[in-house]
Amino acid sequence: MSTKPNHLSEKKPLASKLQQNGSSTSNTNKMKTSVVPNKKANMKNTKQMKKSKFSKSTKVQPGSTDGQRKWTTLVHSGVIFPPPYQPHGVKILYKGKPIDLTPEQEEVATMYAVMKDTDYMQKPKFLENFWNDWRRILGRNHVIQKLDDCDFTPIYEWHQQEKEKKKQMSTEEKKAIKEQKMQQEEKYMWAIVDGVKEKVGNFRVEPPGLFRGRGEHPKMGKLKRRIRPRDITINIGKDAPVPECPIAGESWKEIKHDSTVTWLAFWNDPINPKEFKYVFLAASSSLKGQSDKEKYEKARMLKDYIHNIRAAYTKDFNNKDKDPTKRQIAVATYLIDKLALRAGNEKDEEEADTVGCCTLKVSNVECIPPNMIKFDFLGKDSIRYENTVEVELPVFKAIGQFQAGKGENELLFNALDTSKLNAHLKELMPGLTAKVFRTYNASITLDQQLYEETEEGDVAEKVVVYQKANKQVAIICNHQRTVSKTHDSQILRLTERIETAKQELKELKIDLERAKKGKPPLKGADGKQKRNLSPEAIEKKIASAKQKIEKYEMDMTTKEDLKTVALGTSKINYLDPRITVAWCKRHEVPIEKIFNKSLLAKFAWAMDVDPEFRF
DNA sequence: CGACGCTACTCCGCATTGCAACG
DNA sequence: CCGTTGCAATGCGGAGTAGCGTC
């Protein structure tokens, strides 16, 4: 440990070696994963080669990109910092009286005040963490000794007023401000990678604030301090000018020229200094597009291996070796394949307590005879995964045995972790890891659904088919969203509308009968006398009323159906865009009906796909 | 470990909707 | 009276953000 050489000097030779390596030849990578046990797949590959805009540069195979040069020249302008804190002159009350604070102390107070109507204010952990950090900034001997004695309402009200002012601004004023911001930011928005102008993803440094973790995060409420230029490392081409530091008198932490990585800048996360925040190119850049394509190609490759993989793990369900690892791997792989679970890395105590496949606890699964398993756990982002599934009997038995003799809080797969699991998967297929199954399952489901369910009809009907398939994928991946605050009132309003429309319909039917006999219509619910109408006119009205009811009822079911399902996440991250593009081409659906502007940009690489493309 | 992918949330512009006034 | 227009309320979805996972 202590005998570490001066590792800083080691990096230079490494970097220059890579430079050399990269410039010596255009293609040093071997196609190590080209042994595809399937002629069809090979044909597809050659077909794409002709058209793909990456065909020249896509020699890098998935999973073999480590140490590879990602770019040759890189020019960019660094990052932009959030504006400095402007004192608003509003004081908090301490024991009922306004109190003077330093700008720094006041900034933290403001962060707290503006979170008033979030539910974090109800969480003791949040209050405790905030108070600890704030007290540190106030100093131990500060007059303020208790959070409870502080009243933040003046700042809160000031903040509300500011928000109101902003709302009241005319569209012209808003536009002018936006324009100005754009002008300031313009130069940061772009990077020039190998001579090509590409969009930068996140060139704005994260502003200071109070940490808002997802779920029961142990660090919620902690102060996320302001990031300064001295925190930031810049990565840029050797020959490119070093971006000028935007804050006078300060300077960057370090300038690097590492062409094996794609980040333009990074800083340490102030909440967890062991972690990093990176500035990357935008999703629409070809660098990201290329790796996106590689991701889907890897998932497609799994299609050719999946049969054997399934056969292998099915065989291992009953494996009763001395070493239980094999059997656990088999069951874990089965779950990842069948349920699209995440791998489940171990987590720190300092993070929210969530689990994935390898970290499932005994209490997260319940065996319901004869062969049902109930899953209930908090996954990524503390989103609850609740699902009862029928499993093959050997799996049911195995899970029961993994549970046996363990406490509720112990690991179900005690002999397993993600690195063991992934190491095993890599033996089955080059580059295979747990997450590939999610991509594979999502995309293959879409592909199949679209092929099976699309019928003749108008564009709107086909779009509904797509959305249904998309929804199915979102459910598989457990992509959720919180029910909107107004959902209940929306539903209520819809039911009211349906009710009145039905009432109207009823009256119309009576009126129709009466009109046929030449009698005048009855008085309406409001007591008003209605006009005499011909039976034909009434029938017309009946038809339109019926249509209205139908529409409202449709609206309501889809709204209720999708209230907790988020379709966007899978569209952006899991569904091979070529499936969608090909489907649109085959069925003459304008691609814009499915992909918005940013998706079209992100998936530019997929647009020239063959209409007969299958995932 | 460091680098990258994934994910839900917020905010805001804009289209849609419902309703009243109007011709 | 009925269809059109104008207007405000509503809500949808795109863009951006920052935190969460994977490998």
Side-chain angles (χ1 to χ4, degrees), chain A residues 62-63 65-66 70 82 118 163 166-167 169 171 174-175 178 201-207 209 211-215 217 219-220 224 233 235 258 260-263 266 268-272 274-284 287-288 291-292 294-295 342-348 351-352 354-359 378-383 417-419 421-423 425-426 431-436 438-439 442 474 477-482 484-487 489-490 493 497 530-531 533 537 551 555 559 562 564 566-574 595-601:
Chain A
T65 56
D66 286 337
K70 304 278 176 32
T118 69
K163 277 210 307 211
K166 215 174 164 187
K167 247 192 230 164
M169 271 192 323
T171 42
K174 279 185 190 167
K175 259 191 187 148
K178 212 175 154 189
N202 54 324
F203 49 86
R204 298 179 193 90
V205 171
E206 293 177 15
F211 180 73
R212 304 159 82 124
R214 313 259 169 87
H217 199 292
K219 294 196 173 180
M220 64 170 78
K224 199 174 87 168
T233 302
N235 190 35
D258 186 350
T260 68
V261 294
T262 64
W263 53 268
F266 87 89
N268 287 88
D269 179 5
I271 291 296
N272 189 349
K274 278 178 264 173
E275 286 174 23
F276 313 90
K277 297 286 196 173
Y278 292 91
V279 173
F280 292 120
L281 293 175
S284 57
L287 211 70
K288 292 283 188 189
S291 58
D292 209 27
E294 281 163 12
K295 174 181 77 181
R342 296 189 183 83
N345 283 315
E346 280 103 275
K347 293 187 75 182
D348 219 288
E351 300 170 87
T354 61
V355 304
C357 184
C358 291
T359 41
L378 294 184
K380 180 177 180 180
D381 290 288
S382 290
I383 296 294
D417 60 38
T418 50
S419 52
L421 180 68
N422 282 328
L425 293 177
K426 282 211 168 69
L432 184 62
T433 60
K435 77 191 271 279
V436 179
R438 264 170 91 77
T439 314
C477 293
N478 201 37
H479 290 143
Q480 297 192 21
R481 59 175 186 166
T482 53
S484 91
K485 270 182 212 152
T486 54
H487 177 81
S489 66
Q490 282 179 42
R493 202 160 35 226
R497 280 189 190 142
K530 282 181 283 188
R531 284 200 319 136
L533 285 173
K551 185 186 175 288
D555 284 358
K559 191 181 277 287
L562 293 175
T564 60
L567 301 185
T569 309
S570 50
K571 219 189 222 179
I572 296 170
N573 300 301
Y574 287 105
F595 288 158
N596 62 36
K597 209 176 98 210
S598 32
L599 286 181
L600 285 173

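The chains referred to below are lettered A, B, ... by the order of the sequence lines, with proteins before strands, and numbering in each begins at 1. For clarity, every value in this text was computed on a predicted model and none was experimentally measured.
- Atoms NZ (A:K277) and P (C:dT17) sit 12 Å apart, rounded to a whole Å.
- Regarding A:Y278, its OH atom lies at a distance of 16 Å from the P atom of C:dG19, rounded to whole Å.
- Here B:dG2 presents its P atom at 12 Å from NZ of A:K274, a figure rounded to the nearest Å.
- Residues satisfying the salt bridge (Lys or Arg N to Asp or Glu O under 4.0 Å) criterion with A:R493, sequence neighbours excluded, are absent altogether.
- Between A:T433 and C:dT22 there is no side-chain N or O to OP1 or OP2 distance below 4.0 Å.
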At a cut-off of 3.5 Å, list every protein nitrogen or oxygen paired with a nitrogen or oxygen from nucleotides 10-13 of chain B, distance to 0.1 Å.
unit_1: B:dC12; atom_1: OP1; unit_2: A:K166; atom_2: NZ; d: 3.3

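- Counting to the nearest Å, the P atom of C:dT22 and the CG atom of A:D417 are 12 Å from each other.
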Practice item. Determine, for nucleotides 7-14 of chain C in 5'-to-3' order, which nucleotides have protein heavy atoms under 4.0 Å from the base (write B), from only the sugar-phosphate (write S), or from neither (write -). Key: ---SSS-S

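- By the salt bridge (Lys or Arg N to Asp or Glu O under 4.0 Å) test, A:D555 pairs with A:K551, sequence neighbours left out.
- When each of A:A566 and A:K175 is assigned the nucleotide of DNA chain B bearing its nearest heavy atom, the one mapping closer to the 5' terminus is A:A566.
- Note on A:S291: only backbone sugar-phosphate atoms sit closer than 4.0 angstrom, heavy atoms only; bases stay farther off.
- Contact between the side-chain N/O atoms of A:K380 and the OP1/OP2 oxygens of C:dT22 is not found at any separation under 4.0 Å.
- When the nearest nucleotides of DNA chain B are assigned to A:Y574 and A:V261 by heavy-atom distance, the more 5′-ward of the two goes with A:V261.
- Distance CG (A:N202) to P (B:dA3): 15 Å, rounded to an integer number of Å.
- Here C:dT22 is the nucleotide among B:dC9, C:dT22, B:dA8 with the atom lying nearest to any side-chain atom of A:R342.
- Between A:K435 atom NZ and C:dG21 atom C1' the separation is 10 Å, expressed in whole Å.
- Note on A:G379: only backbone sugar-phosphate atoms sit closer than 4.0 angstrom, heavy atoms only; bases stay farther off.
- Comparing C:dC23, B:dC4, B:dC6 by their closest approach to the side chain of A:W263 singles out B:dC4.
- Comparing atom distances between the A:P207 side chain and each of C:dA18, B:dC4, B:dA8 picks out C:dA18 as nearest.
- Within the nucleic acid shown, A:A434 comes within 4.0 Å of sugar-phosphate atoms alone, with no base atom in reach, counting heavy atoms only.
- At a threshold of 4.0 angstrom between heavy atoms, the contacts of A:R481 are confined to the sugar-phosphate backbone, with no base atom among them.
- Direction change of the helix axis from one end of the helix from B:dG2-C:dC23 to B:dG23-C:dC2 to the other is 30°, with five pairs defining each end axis (rounded to 10°).
- With B:dA8, C:dG16, C:dC23 as the choices, the nucleotide that has an atom nearest any side-chain atom of A:R204 turns out to be C:dG16.
- Summarising the geometry, the separation between NZ on A:K224 and P on C:dT17 is reported as 11 Å, rounded to the nearest angstrom.
- Evaluation of the salt bridge (Lys or Arg N to Asp or Glu O under 4.0 Å) rule for A:K435 yields no partner, not counting sequence neighbours.
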